[in-house]
There are 2 protein chains.
Amino acid sequence: MKLSKSTHYALHTMLHLTISHAEGHTSVSKLAGHQQVSTTYLSKILTKLVKAGLIVSVPGANGGYKLKANWQETTLLDVIQAVEGLPPIFDYCEDHNPSCIIQQSIQKAEKNFLEELGTMKIADLAEDARNVPHH
Amino acid sequence: MKLSKSTHYALHTMLHLTISHAEGHTSVSKLAGHQQVSTTYLSKILTKLVKAGLIVSVPGANGGYKLKANWQETTLLDVIQAVEGLPPIFDYCEDHNPSCIIQQSIQKAEKNFLEELGTMKIADLAEDARNVPHH
DNA sequence: CTATTATAGACTCACATTATCTCTAATAGG
DNA sequence: CCTATTAGAGATAATGTGAGTCTATAATAG
Ligand code: SF4
Ligand code: SF4
């Protein structure tokens, strides 16, 4: 039950794009430079964010990535689900009892967990991140 | 970010042991008979529950598994952590900023998630499960 | 037209989960 | 003491997924 390394790359990148969003597009090579990850691999992850509508991309010279229009609304949940997809963490009732009390209980707790992540905006975290050395 | 199939086996088994806990020990072959899982593999999972102190085992004829003394207190969290271990779902700050705001936020939400699972007692779920056909 | 940049596909590699088989240890009951 | 029964430990294999590379293609600015 772990979030993938790709999700970490995506979140870190979102933080960067948010902090420097006034400076226009940023290329994947610059974004990858801040982390230990290859450009081609990070590119695949960012494409997921594009398809989820969290960022926009422009090919060609001086192109790159930038945040979508109302980027202030993007939450941790948006980014995590864009990369990880939407499968529930416990879903083993296919050919069993679909009203299994165990599954119901775990998914109820998961729902609250996701809702809490849905209240955490990247923009707010980026504001806080300005005060720590690493960013 | 998924709970393993082993965790499902463990939870299902705990439900069975709780429902039939008045009948003494239950062998792993009986417990495996209720699920599509081999006896040797389920045995490995149950050994984790034994080491976590959630159930007790007795080898030899008429042996098997039964719940621990105050079995009424066992929660979903106890079982999940016994099988899955205790790693946080997001932990990518080893050589980075240990006070990373993203990590802090996700782990805060995770803490609430685990605490909620810690309030869900297997005994209560077993009581509800008596009213559904599958169990 | 050319350099630059994102995107897509095929592919490999590493690792954890899942699972089986076999052997050993402990226990009940005769 | 003997034997059937049962849990536990170890080695090993199969499977699947995450992580990562390489190459080719498409789009854009200048
Ligand atoms: S009822 Fe729930 S725990 Fe039991 S086998 Fe079905 S899905 Fe698993
Ligand atoms: S501060 Fe470190 S751990 Fe946090 S997102 Fe950035 S690179 Fe990852």
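Chain naming here is simple, since letters A, B, ... match the order of the sequence lines and numbering starts at 1 in each. Quick caveat: nothing in here was measured; it's all calculated off a predicted structure. Computation of the quantities below employed the complete heavy-atom set of this structure, encompassing side-chain atoms and omitting hydrogens, waters and symmetry-equivalent molecules.
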A/Ile80 and B/Ile106: CA distance, side-chain angles, deciding distance, side chain to side chain contact (heavy atoms under 4.5 Å, CB included) verdict = CA-CA 10 Å; A/Ile80 291 172; B/Ile106 293 179; 4.2 Å; yes

Verify side-chain hydrogen bond (donor to acceptor under 3.5 Å, both in side chains) between A/Ser6 and A/Tyr41, making sure each step is shown before the conclusion.
-> CA-CA 9 Å; A/Ser6 294; A/Tyr41 189 49; 3.0 Å; yes

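Residue contacts shown for B/Ser29 are absent, as no nucleic acid heavy atom lies under 4.0 Å away. Within 4.0 Å of A/Ser4, counting heavy atoms only, lie sugar-phosphate atoms of the nucleic acid but no base atom. Backbone-only contact: A/Lys51 has heavy atoms under 4.0 Å from sugar-phosphate atoms and none from a base. B/Thr40 comes within 4.0 angstrom of a nucleotide base, judged by non-hydrogen atoms across all strands. Across all strands, B/Val37 comes closer than 4.0 Å to no nucleic acid atom at all (heavy-atom distances). Among the protein residues, B/Lys2 comes within range of no part of the nucleic acid, since none of its heavy atoms lies under 4.0 Å from any strand.
The shortest side-chain heavy-atom distance between A/Leu125 and A/Leu76 falls under the 4.5 Å cut-off.
Annotation: A/Lys68, atom NZ; neighbour count of heavy atoms from other residues, nucleotides and ligands within 6.0 Å is above 12.
Remark: the backbone N or O of A/Ser4 is paired with a side-chain donor or acceptor of A/Glu84 at under 3.5 angstrom.
Classification of the B/Phe113-A/Phe113 ring pair by plane angle, with boundaries at 30° and 60°, yields tilted. The aromatic rings of A/Tyr92 and A/Phe90 lie perpendicular to each other, with more than 60° between the two planes, well past the 30° mark.
Between A/Asn62 and A/Lys5, the residue anchored nearer the 5' end of DNA chain D, judged by the nucleotide with its closest heavy atom, is A/Lys5. Each of A/Pro59 and A/Lys44 lies near DNA chain C, and the nucleotide nearest A/Pro59 is the one positioned closer to the 5' end.
Between A/His16 and A/His34, the gap from one ring centroid to the other is short of 6.0 Å.
Heavy-atom contacts of chain A under 4.0 Å fall on DNA chain C between two terminal nucleotides, which in 5' to 3' order are C/dT4 to C/dA10. A nucleotide of DNA chain D counts as in contact with chain A when one of its atoms lies under 4.0 Å from a heavy atom; the first and last such, 5' to 3', are D/dA19 to D/dG30.
Ion pairing between a basic and an acidic side chain is recognised when a charged N comes within 4.0 Å of a carboxylate O; A/Glu116 and B/Lys108 show such pairing.
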